[in-house]
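Chain letters run A, B, ... following the sequence lines, proteins first, then strands; residues in each count from 1.
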There are 2 protein chains.
Amino acid sequence: MNERMKSIEEMTQALRDAGIRVTRQRAALLSVLAEAGDHPDAPELHRRAEAAVPGISLSTVYRTLSTLESQGVIQRHQFEGASARFESAETDHHDHMIDVDTGEVIEFASDRIERLQAEIAAELGYEIVHHRMELYVRKTSDS
Amino acid sequence: MNERMKSIEEMTQALRDAGIRVTRQRAALLSVLAEAGDHPDAPELHRRAEAAVPGISLSTVYRTLSTLESQGVIQRHQFEGASARFESAETDHHDHMIDVDTGEVIEFASDRIERLQAEIAAELGYEIVHHRMELYVRKTSDS
DNA sequence: AACTCACTTGCAAGTCATTTGCAACAAGAC
DNA sequence: GTCTTGTTGCAAATGACTTGCAAGTGAGTT
Ligand SMILES: [Mn+2]
Ligand SMILES: [Mn+2]
Ligand SMILES: [Zn+2]
Ligand SMILES: [Zn+2]
């Protein structure tokens, strides 16, 4: 969270400017996602959003998540063998470690790795559009 | 391809030793995968295997791919927005770049990144079981 | 070579996460 | 408040893969 974080008002205005209506359903999901400290999937976001908008449908959740993703407001992660998980894009870039025993998702960031990735791509004549790095890990048995 | 590459005979014997029968279908897929220089998906492997075993079914291809993967003979990759792709495990570890314009898959390896990943995991008390690193790239517009 | 039988296969049907067609609904510009 | 057009809920469709089952076949055994 280095750059100034957009307020909900700024985000909704940005959406409106893009011709996207800020419906109750979308506002609810925006707020749920802004408050989430984890990486929930669509059914879980649906559950959380129902508190603010009873009757919101799962398809609307899916549709809204796609919309918000294409607006760059949220990020979608497809970890191995799991359904898609989401998080607000209002954070600095980071990658993830998944504890293969517990399923816990741990965030981390490494400027050195990011730099090396860019270097490698450049050497081959490419520039990185985006990337994905996931470490599937297990607690060290410090025996 | 640093360590000595297993011959088809050695691989099939290893499978038999694991109680896995080397059927015509499985032999065909093993050979198709050994000869593939790319990262084909199941329907493509099915197509290629049909040359050796006419009538082989797509479900058998899927079942065999799962079996071979669990035997560590092949690797499964799930790139963004695509169905699973496979490659023989008879290569040294490497990661992939995907050209977002053409879909081309480019292999690369970086000891430095691999080392950094292990370091980061270790710092947090974890050891890496396996990982996934994909760079989605675009040819540099050298203008 | 014949025998045996647990492992495999082809086919049809099933899963499951996610998407989509459509008529009723509701943002938000005027 | 009215109007226009994007949105929603619901049910049905998708697409990639998985699975039940009866017939078929590796490969150890005699
Ligand atoms: Mn995260
Ligand atoms: Mn590869
Ligand atoms: Zn990163
Ligand atoms: Zn790697």
Side-chain angles (χ1 to χ4, degrees), chain A residues 8-9 11-32 39-47 49-50 52-71 73-86 103, chain B residues 8-9 11-32 39-47 49-50 52-71 73-86 103:
Chain A
I8 288 270
E9 292 74 49
M11 298 186 78
T12 58
Q13 192 49 54
L15 289 177
R16 263 188 286 267
D17 292 348
I20 290 172
R21 292 181 186 169
V22 180
T23 63
R24 282 169 299 144
Q25 292 80 337
R26 287 174 178 168
L29 281 166
L30 275 175
S31 132
V32 165
H39 300 79
D41 61 7
E44 174 61 23
L45 288 166
H46 180 229
R47 245 168 263 129
E50 276 181 314
V53 185
I56 182 176
S57 80
L58 184 53
S59 18
T60 292
V61 171
Y62 275 113
R63 269 188 293 233
T64 299
L65 290 171
S66 293
T67 299
L68 296 182
E69 184 191 14
S70 69
Q71 293 303 314
V73 169
I74 64 173
Q75 288 199 316
R76 175 192 306 256
H77 300 297
Q78 193 76 259
F79 299 138
E80 278 187 9
S83 42
R85 302 182 160 280
F86 303 83
Chain B
I8 288 268
E9 291 75 49
M11 300 188 76
T12 57
Q13 191 49 53
L15 290 177
R16 263 188 286 267
D17 291 349
I20 290 172
R21 293 184 184 166
V22 181
T23 62
R24 282 169 299 142
Q25 291 81 336
R26 287 174 178 166
L29 281 167
L30 275 176
S31 132
V32 165
H39 300 80
D41 62 7
E44 175 61 24
L45 288 166
H46 180 227
R47 244 167 265 128
E50 275 181 316
V53 185
I56 182 175
S57 80
L58 183 55
S59 21
T60 292
V61 171
Y62 275 114
R63 270 188 294 233
T64 299
L65 290 171
S66 293
T67 299
L68 296 183
E69 183 191 15
S70 69
Q71 293 303 312
V73 169
I74 65 172
Q75 290 199 316
R76 173 191 308 259
H77 300 296
Q78 193 76 257
F79 299 138
E80 278 187 7
S83 42
R85 304 186 157 275
F86 303 83

Point to revise | Under-4.0 Å side-chain N/O to phosphate OP1/OP2 contact, B:Q25 with C:dG10 | key: yes
Exercise for review: Search all heavy atoms of A:V53 against all heavy atoms of A:A28 and return the closest pair with its distance.
Suggested key: CG2-CB, 3.6 Å
**Study point:** A:R47: salt bridge (charged side-chain N to carboxylate O under 4.0 Å, His left out) partners, not counting sequence neighbours
**Key:** A:E44
Revision key, fill the gap. 5'-most contact on DNA chain D (nearest-nucleotide basis), A:R21 vs B:S66, goes to A:R21
Check your understanding: Got a sec, which pairs hit salt bridge (charged side-chain N to carboxylate O under 4.0 Å, His left out) with one end in residues 57-71 of chain B, sequence neighbours left out?
Key -> B:E69-B:R76
Study note, to complete from the structure: note: A:L29, atom CG; D:dT7, atom C1'; distance rounded to Å ~ 13 Å
**Study point:** B:V22 side chain, from C-beta outward: closest of D:dA27, C:dC11, C:dA29
**Key:** D:dA27
**Study point:** Interatomic distance where CG belongs to A:D17 and C1' belongs to C:dG28 [whole Å]
**Key:** 13 Å
Study note, to complete from the structure: Nearest heavy-atom contact between A:A42 and A:V61 is O-CG1, 3.8 Å
Could you go through nucleotides 21-25 of chain C and list every protein N or O atom that sits under 3.5 Å from one of its N or O atoms, giving the distance for each pair?
{"unit_1": "C:dG21", "atom_1": "O6", "unit_2": "A:R63", "atom_2": "NH1", "d": "3.3"}

Exercise for review: For A:Y62, check ring pair (Phe, Tyr, Trp, His ring centres under 6.0 Å) against everything at least two apart and list the hits.
Suggested key: none
Review point. So, is A:R26 close to the D:dT8 phosphate, meaning a side-chain N or O under 4.0 Å from OP1 or OP2?
Key: yes
**Study point:** Interatomic distance where CG belongs to B:L15 and P belongs to D:dA27 [whole Å]
**Key:** 10 Å
Practice item. Would you check if the side chain of B:R26 reaches a backbone N or O of B:R21 as a donor-acceptor pair within less than 3.5 Å? Key: yes
Practice item. Evaluate the side-chain proximity of B:H77 to B:H39: yes if any heavy-atom separation is below 4.5 Å, no if none is. Key: yes
Check your understanding: Looking only at heavy atoms, which two atoms of B:A49 and B:I56 are closest? And how far apart?
Key -> CB-CD1, 4.2 Å
Exercise for review: Mind checking the CD1-CG spacing from A:I74 to A:L65? Nearest 0.5 Å is all I need.
Suggested key: 4.5 Å
Check your understanding: Expressed in angstrom and rounded to an integer, what is the separation of A:H46 atom NE2 from C:dA17 atom P?
Key -> 14 Å
**Study point:** Atom pair distance, as rounded to whole Å: CG in A:L65 and P in C:dA17
**Key:** 15 Å
Check your understanding: Where do A:A18 and A:Q71 come nearest, in terms of heavy atoms and distance?
Key -> CB-OE1, 3.7 Å
Point to revise | Whole-Å distance separating the CD1 atom of A:I56 from the C1' atom of D:dT7 | key: 12 Å
Check your understanding: Are side-chain heavy atoms of B:L15 and B:L30 found at a separation under 4.5 Å?
Key -> yes
Contact list (N/O, under 3.5 angstrom) for nucleotides 15-17 of chain D vs protein:
{"unit_1": "D:dC17", "atom_1": "OP1", "unit_2": "B:A84", "atom_2": "N", "d": "3.1"}
{"unit_1": "D:dC17", "atom_1": "OP2", "unit_2": "B:Y62", "atom_2": "OH", "d": "3.1"}

Review point. Roughly how bent is the helix from C:dA1-D:dT30 to C:dC30-D:dG1 end to end, in steps of 10 degrees, with each end axis from five pairs?
Key: 40°
Point to revise | Working for side chain to side chain contact (heavy atoms under 4.5 Å, CB included), residues B:T60 and B:T23 | key: CA-CA 11 Å; B:T60 292; B:T23 62; over 6 Å; no
Review point. Does OP1 or OP2 of D:dG9 have a side-chain N or O of A:T60 closer than 4.0 Å?
Key: yes
Check your understanding: Within less than 4.0 Å of OP1 or OP2 of C:dT9, is there a side-chain N or O belonging to B:T23?
Key -> yes
